[in-house]
Amino acid sequence: MTDTTSTSPSPAAAAEGDTLSRLEQEGEIAADYLEGLLDIADLDGDIDMDVEADRAAVSIIGEGTSRDLQKLVGRDGEVLEALQELTRLAVHRETGERSRLMLDIAGFRAHKREELTALGAKAVEDAKNTGEAVKLKPMSPFERKVVHDAVAAAGLRSESEGEEPQRCVVVLPD
């Protein structure tokens, strides 16, 4: 008699592999879409794909000190936000599923994340020192998420209040 013991992965490992494959596919679709956009706009840039925090992450990286990509970032990242939504729509069109893909251009989001993490840390210190809630200025969903994460990492709670586009983070004391 032969042994028919299966060595297939556990259901959790298989689901994790499926999720990773799906996110990698999202990144590839997004990269193709963005390459076409760069060609149309006659802009140079390299595209980097990754998976971070259970979402596809695509970055357009400038070659050298080219300021051309700043056009795709816009004032305060407004053009970047619009391009991210368009890229998510392109992924949705291909896959039929909603995408939470994150787009970064010329390191704008990475730099913004550092600034917002520092802002969150300062708000935590202020809330701890004064014992009062600290209300921050209105922010985009991406910005609020980064601040919420920084506050949670420091051991305090935060919440969002208000309506878009005036929605803001409030850091709560202990």
Side-chain angles (χ1 to χ4, degrees), residues 19-20 22-124 134-154 158-171:
T19 299
L20 182 61
R22 183 180 53 79
L23 294 174
E24 288 173 343
Q25 179 190 19
E26 281 186 24
E28 289 172 15
I29 293 167
D32 289 345
Y33 175 78
L34 292 165
E35 279 184 18
L37 180 85
L38 289 173
D39 287 345
I40 290 168
D42 196 29
L43 296 173
D44 291 326
D46 292 326
I47 297 181
D48 183 40
M49 298 177 294
D50 201 358
V51 174
E52 299 172 358
D54 293 331
R55 56 171 70 186
V58 178
S59 301
I60 301 175
I61 303 161
E63 297 171 353
T65 59
S66 172
R67 300 192 51 82
D68 287 341
L69 290 181
Q70 292 304 317
K71 297 172 188 172
L72 297 179
V73 173
R75 185 174 50 100
D76 294 328
E78 291 172 341
V79 177
L80 171 58
E81 289 288 335
L83 287 173
Q84 177 174 276
E85 287 308 308
L86 289 171
T87 305
R88 286 176 174 177
L89 286 172
V91 170
H92 181 266
R93 184 184 67 222
E94 293 289 323
T95 65
E97 297 195 20
R98 182 178 174 271
S99 173
R100 295 177 48 231
L101 176 132
M102 289 296 293
L103 175 63
D104 192 5
I105 299 175
F108 178 82
R109 281 200 199 273
H111 179 71
K112 191 78 167 171
R113 184 176 281 121
E114 290 173 9
E115 289 177 352
L116 291 166
T117 300
L119 177 66
K122 182 179 180 334
V124 163
V134 176
K135 184 175 181 177
L136 302 175
K137 67 179 180 53
M139 298 179 190
S140 71
F142 161 75
E143 293 169 329
R144 290 193 309 269
K145 169 87 170 91
V146 173
V147 173
H148 285 306
D149 289 349
V151 170
S158 59
E159 55 190 38
S160 293
E161 71 176 35
E163 298 294 322
E164 296 291 351
Q166 297 301 313
R167 197 154 171 81
C168 61
V169 173
V170 178
V171 178

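Rounded to the nearest 0.5 Å, atoms CG (L101) and CD1 (I29) are 10.0 Å apart. Atom CE in M139 sits 14.0 Å away from atom NZ in K145 (nearest 0.5 Å). A distance of 7.0 Å separates CD1 of I105 from CG of L69, quoted to the nearest 0.5 Å. The distance from atom CZ of R75 to atom CG of L80, rounded to the nearest 0.5 Å, is 14.0 Å.
Remark: D42 CG is loosely packed, at most 12 non-hydrogen atoms of other residues, nucleotides or ligands lying under 6.0 Å away.
Here the side chains of C168 and E161 are in contact, with some heavy-atom distance below 4.5 Å. By the 4.5 Å heavy-atom criterion applied to side chains, K71 and V79 are not counted as neighbours. For the pair L89 and E85, the minimum side-chain heavy-atom distance is 4.5 Å or more. Side-chain contact check for S160 versus H148: some heavy-atom pair is nearer than 4.5 Å.
Of the listed residues (D44, I47, D68), just one forms a side chain to side chain contact (heavy atoms under 4.5 Å, CB included) with L38, and that residue is I47.
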Original post:
How far apart are the C-alpha atoms of E28 and M49, what are their side-chain angles, what is the distance that settles it, and do they pass the side chain to side chain contact (heavy atoms under 4.5 Å, CB included) test?
Top reply: CA-CA 8 Å; E28 289 172 15; M49 298 177 294; 4.1 Å; yes

Original post:
Passes side chain to side chain contact (heavy atoms under 4.5 Å, CB included), F142 versus K112? Steps please.
Top reply: CA-CA 10 Å; F142 161 75; K112 191 78 167 171; 4.2 Å; yes

**OP:** Please lay out, stage by stage, how L86 and L37 fare under the test side chain to side chain contact (heavy atoms under 4.5 Å, CB included).
**Re:** CA-CA 11 Å; L86 289 171; L37 180 85; over 6 Å; no

**OP:** With side chain to side chain contact (heavy atoms under 4.5 Å, CB included) as the test, would you mind laying out the steps for V170 and V151 before giving the verdict?
**Re:** CA-CA 10 Å; V170 178; V151 170; over 6 Å; no

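Salt-bridge check for E164 with R144: passed, with a basic side-chain N closer than 4.0 Å to an acidic carboxylate O. The pair E81-R109 counts as a salt bridge, with a side-chain nitrogen and a carboxylate oxygen less than 4.0 angstrom apart.
Considering every non-hydrogen atom in both L34 and L103, the closest pair reads CD1-CD1, 3.6 Å. Across all non-hydrogen atoms, the minimal contact from T87 to A30 is CG2-CB, 3.4 Å. Here the closest heavy-atom approach between residue R55 and residue R88 is recorded as NH1-NH2, 4.0 Å. Heavy atoms only, all atoms of each residue included: D76 and F108 are closest at C-CZ, 3.8 Å. For the residue pair V171 and A123, the shortest heavy atom distance occurs at CG2-CB, 3.7 Å. Between V146 and R113, the shortest heavy-atom distance links the atoms CG1-O, 3.7 Å.
The main-chain N or O of G162 is found under 3.5 Å from a side-chain atom of R167 such that the two form a donor-acceptor pair. Between the side chain of D32 and the main chain of G36, no donor-acceptor pair closer than 3.5 Å is present.
Judged as a side-chain hydrogen bond (donor to acceptor under 3.5 Å, both in side chains), the pairs with a partner in residues 90-99 (not counting sequence neighbours) are, in order, E26-S99.
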